[in-house]
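Remember, predicted model here, so these are calculated numbers, not experimental data. Just so it is clear, the values below take in all heavy atoms, side chains as well, and ignore hydrogens, waters and symmetry mates.
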Amino acid sequence: MQLRADQLPTHLRQGLKRIYTIHGDEPLLAQEAADLIRAAARAAGHTERQVHTVAGAHFDWSSLLGASQALSLFADKQLIDIRIPSGKPGKDGSQALQRYCETLSDDVVTLVQLPKLDRTQQTSGWFVALDAAGVTLRVDPIERRALPAWIAQRLAAQGQRVQDGEAGQQTLAFFADRVEGNLLAAHQEVQKLGLLYPQGELGFEQIESAVLNVARYDVFKLGEAVLAGQVGRALRMLDGLEAEGEAAVLVH
């Protein structure tokens, strides 16, 4: 079962599945999704948590399989957090994860955290088994065109908003230009506005004076901006890439 990150809160209110797999290259959204799952698991009585980080080829997969079947000494239910930073469990790990999915217990909620996976990894036996056994969430970066709406949604969650109409859209576009490619910093800038100003409408001057320029640019996105005729954005990206020390040859 596959879900978008924004569908997760509604899903969790309807009850927990036995295993959740998060993969993607947007750390903020991955962390928020993991936090929601952990909070729901604790609320459902899964108060004992085990963390297993697969740091290399010598990880003891038998300990993970044993942990999922062992009765807790301190709680009736467990949360097992499996982290595979490389996204490559290896041959032994692939077999172990498939066996793990075959022996899931109702008393254990499992959270598997992975980086961005390529097509080969997503069609591998271990990932297919994870996907079939529970819920899979893919967290992708927020594209520039979707960033203003994302910012507006985050502001609304803390009781703030921009002006209506074109003026508000221009304010959100300015905000998005300041934080493009750096979603964690964008989140922090939104939170800062919540600390600086009361709930209600925010003017352009307030956002201009408070929001730092923390944008991070991708060389490949530069080509997209040029081909789309986005002159202002392309120039900002060139300046940003130069300031970050990106190799001129790669930019060319």
Side-chain angles (χ1 to χ4, degrees), residues 1-140:
M1 178 182 180
Q2 298 189 11
L3 291 179
R4 300 191 310 271
D6 61 349
Q7 296 175 314
L8 182 59
T10 300
H11 162 80
L12 291 174
R13 286 194 292 269
Q14 298 170 351
L16 281 166
K17 297 296 184 181
R18 292 183 292 181
I19 188 165
Y20 291 86
T21 303
I22 301 173
H23 67 104
D25 56 358
E26 184 43 71
L28 172 67
L29 300 183
Q31 183 62 48
E32 289 181 338
D35 287 345
L36 284 174
I37 293 167
R38 293 189 194 104
R42 287 195 299 271
H46 297 265
T47 53
E48 182 178 344
R49 179 183 171 205
Q50 296 186 39
V51 178
H52 298 266
T53 301
V54 181
H58 301 295
F59 178 75
D60 184 4
W61 289 99
S62 62
S63 67
L64 173 62
L65 292 170
S68 66
Q69 300 300 312
L71 295 176
S72 171
L73 298 176
F74 308 105
D76 293 331
K77 298 180 180 180
Q78 297 184 74
L79 170 64
I80 295 181
D81 195 333
I82 306 171
R83 302 175 182 182
I84 312 177
S86 68
K88 299 176 180 179
K91 181 178 179 181
D92 291 342
S94 175
Q95 295 173 350
L97 286 172
Q98 291 178 69
R99 290 200 303 273
Y100 187 94
C101 291
E102 294 170 356
T103 58
L104 294 175
S105 166
D106 290 334
D107 292 331
V108 177
V109 168
T110 301
L111 172 61
V112 182
Q113 299 184 72
L114 299 158
K116 181 180 179 180
L117 303 178
D118 59 29
R119 183 176 295 275
T120 299
Q121 290 168 307
Q122 292 183 49
T123 56
S124 62
W126 62 270
F127 186 82
V128 171
L130 290 172
D131 186 43
V135 173
T136 303
L137 292 96
R138 174 175 167 175
V139 288
D140 293 320

Assess, by modelled atom type and distance only, whether the side chains of Gln14 and Thr10 contain a donor and an acceptor separated by less than 3.5 Å. no

Can you name the closest pair of heavy atoms from Ile84 and Pro115 and give their distance? O-CD, 3.2 Å

In this structure, CZ of Arg42 is separated from CD1 of Ile37 (nearest 0.5 Å) by 12.0 Å

Give the table of side-chain donor-acceptor pairs shorter than 3.5 Å for residues 124-136, with sequence neighbours excluded, one pair per line with atom names and distance.
{"residue": "Ser124", "atom": "OG", "partner": "Gln121", "partner atom": "O", "Å": "2.6"}
{"residue": "Ser124", "atom": "OG", "partner": "Trp126", "partner atom": "NE1", "Å": "2.9"}
{"residue": "Asp131", "atom": "OD1", "partner": "Thr136", "partner atom": "OG1", "Å": "2.7"}

Assess the residue pair His46 and Glu48 against the criterion (side chain to side chain donor-acceptor pair (under 3.5 Å)); give the C-alpha distance rounded to whole Å, side-chain angles, the decisive distance to 0.1 Å, and a yes or no. CA-CA 6 Å; His46 297 265; Glu48 182 178 344; over 6 Å; no

Looking at every heavy atom in both Leu114 and Gly87, which two are closest together, and how far apart are they? CD2-CA, 4.2 Å

Report yes or no: do Asp81 and Gln50 form a side-chain donor-acceptor pair below 3.5 Å? no

For the student: nearest non-hydrogen atoms of Ala96 and Trp61, plus distance: CB-CB, 3.7 Å

Where Thr120 and Thr123 come nearest, the two heavy atoms and their spacing: O-OG1, 3.1 Å

Only residue of Ile80, Thr110, Asp60 satisfying side-chain contact (heavy atoms from CB on, under 4.5 Å) with His52 is Ile80

Supply the atom-to-atom distance Leu8 CG to Glu32 CD, rounded to the nearest 0.5 angstrom. 10.5 Å

Atom CG of Leu64 and atom CD1 of Ile82: how far apart are they, to the nearest 0.5 Å? 4.5 Å

Looking only at heavy atoms, which two atoms of Leu16 and Val109 are closest? And how far apart? CD1-CG2, 4.1 Å

How far apart are the C-alpha atoms of Asp118 and Gln122, what are their side-chain angles, what is the distance that settles it, and do they pass the side chain to side chain donor-acceptor pair (under 3.5 Å) test? CA-CA 6 Å; Asp118 59 29; Gln122 292 183 49; over 6 Å; no

In a check of side-chain contact (heavy atoms from CB on, under 4.5 Å) between His23 and each of Val112, Asp140, Leu117, which one passes? Leu117

Kindly give the heavy-atom pair with the smallest separation between Ile22 and Ala34, and that separation in Å. CD1-N, 3.6 Å

Keeping the roles fixed (side chain from Ser86, backbone from Lys88), state whether a donor-acceptor pair exists under 3.5 Å. yes

